[in-house]
Amino acid sequence: MPSNDARILLQAAVPTAAVGAIAAVVSGVVAGGKGAIGAAVATLIVILFMGIGLYVLQRTAKSLPHLFQAMGLMLFAAQILLLFIFLAAFKHTTLFNPKAFAFTLLVDTIFWTAAQTRAHMKAKILYVEPDKSGHSS
């Protein structure tokens, strides 16, 4: 993974993990151990889904740059749909507190999106690949 991609991944994953840790503590206090487990599972799911999505998007940008914008929109819609599917699937679970899970999933998704947007805005990524041969025409 090129340095820009890894930097963007780190700048999105670290704040999301921190928010997830805070959510786990708060959920643990409010809903007990099952609340903390629900928050931790939600954080892992968000980091996994969004991280894979970022990886796929970066690969698309390099191999099929003309599809980048459409792929980004489709990928974001697919990620949100998958997160809703997870919410529906674990709605009545007894493994962990579903409310803590749902709240943390929502908050982590918002933080990941904001952090990724910020990382992309601050990244110094060239819009046009420089001529490799050194000739200008």
Side-chain angles (χ1 to χ4, degrees):
M1 184 177 269
S3 64
N4 271 341
D5 300 346
R7 190 175 307 118
I8 290 170
L9 178 63
L10 219 67
Q11 289 176 350
V14 170
T16 303
V19 168
I22 292 167
V25 170
V26 170
S27 296
V29 169
V30 172
K34 288 192 175 199
I37 293 170
V41 169
T43 300
L44 289 174
I45 288 172
V46 168
I47 290 173
L48 181 69
F49 278 13
M50 297 298 189
I52 290 170
L54 180 61
Y55 175 75
V56 168
L57 193 58
Q58 295 302 334
R59 293 286 306 249
T60 301
K62 285 170 185 44
S63 60
L64 303 166
H66 59 284
L67 294 178
F68 179 70
Q69 186 175 15
M71 183 67 166
L73 292 170
M74 190 273 311
L75 188 64
F76 186 70
Q79 287 171 329
I80 297 301
L81 180 63
L82 283 171
L83 292 175
F84 278 126
I85 290 170
F86 263 84
L87 280 174
F90 291 109
K91 186 176 186 178
H92 299 293
T93 188
T94 58
L95 299 172
F96 49 78
N97 185 302
K99 288 184 181 179
F101 174 77
F103 178 74
T104 304
L105 200 67
L106 175 66
V107 170
D108 280 347
T109 301
I110 290 168
F111 266 83
W112 177 282
T113 305
Q116 184 178 346
T117 301
R118 182 180 183 275
H120 275 291
M121 298 285 287
K122 293 183 75 80
K124 306 252 189 291
I125 300 172
L126 299 174
Y127 290 97
V128 177
E129 290 291 325
D131 187 16
K132 304 233 190 273
S133 66
H135 296 73
S136 59
S137 354

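For the numbers below, each heavy atom of this structure counts, side chains included, while hydrogens, waters and symmetry mates do not.
For the atom pair L9 CG and W112 CH2, the distance stands at 5.0 Å (nearest 0.5 Å). With values rounded to the nearest 0.5 angstrom, I110 atom CD1 is found 10.0 Å from L105 atom CG. Expressed to the nearest 0.5 Å, how far CZ of F90 lies from CG of N97 amounts to 14.0 Å. One finds the CG atom of L95 at 8.5 Å from the CD1 atom of I37 (value rounded to the nearest 0.5 Å). Distance OG1/T43 to CZ/F101: 9.5 Å, rounded to 0.5 Å. Here the OH-CG distance, from Y55 to L75, works out to 13.5 Å after rounding to the nearest 0.5 Å.
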Could you please spell out the steps behind the side-chain contact (heavy atoms from CB on, under 4.5 Å) verdict for T16 and M50? CA-CA 10 Å; T16 303; M50 297 298 189; over 6 Å; no

Using the side-chain contact (heavy atoms from CB on, under 4.5 Å) rule, take R118 and M121 through it: C-alpha gap first, then chi angles, then the decisive distance, then the call. CA-CA 5 Å; R118 182 180 183 275; M121 298 285 287; 5.7 Å; no

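Counting only heavy atoms from C-beta outward, the side chains of L64 and M71 never approach each other to under 4.5 Å.
Clustering ILVMFWY residues whenever any of their side-chain heavy atoms sit less than 4.5 angstrom apart, transitively, puts L87 in the very cluster that holds I80. Under the 4.5 Å side-chain heavy-atom criterion for Ile, Leu, Val, Met, Phe, Trp and Tyr, V14 and V19 are members of distinct hydrophobic clusters. Under a hydrophobic-cluster definition in which Ile, Leu, Val, Met, Phe, Trp and Tyr are linked whenever side-chain heavy atoms come within less than 4.5 Å, directly or via other members, V41 and F103 are assigned to different clusters. Cluster membership check: F76 shares its hydrophobic cluster with L82, using side-chain heavy-atom separations under 4.5 Å among Ile, Leu, Val, Met, Phe, Trp and Tyr.
Side chain of Q79 to backbone of F49: a donor-acceptor contact under 3.5 angstrom is found. A distance-only check finds a donor-acceptor pair linking the side chain of K34 to the backbone of T94 [under 3.5 Å].
Residues A39 and A24 share a closest heavy-atom pair of CB-CA, 3.5 Å. Shown here for T109 and V46, the closest heavy-atom pair between the two residues is OG1-CG2, 3.6 Å. Annotation for D108 and G20: closest pair OD1-N, 3.5 Å, computed over non-hydrogen atoms. Closest non-hydrogen pair, G35 versus A100, comes out as O-CB, 3.5 Å. When all heavy atoms of I47 and A13 are compared, the pair lying nearest together is CD1-O, 4.1 Å.
Around the CZ atom of F96, the shell of radius 6.0 Å holds more than 12 heavy atoms that belong to other residues, nucleotides or ligands.
The side-chain contact (heavy atoms from CB on, under 4.5 Å) test with L48 is passed by exactly one of L44, I45, I52: I52.
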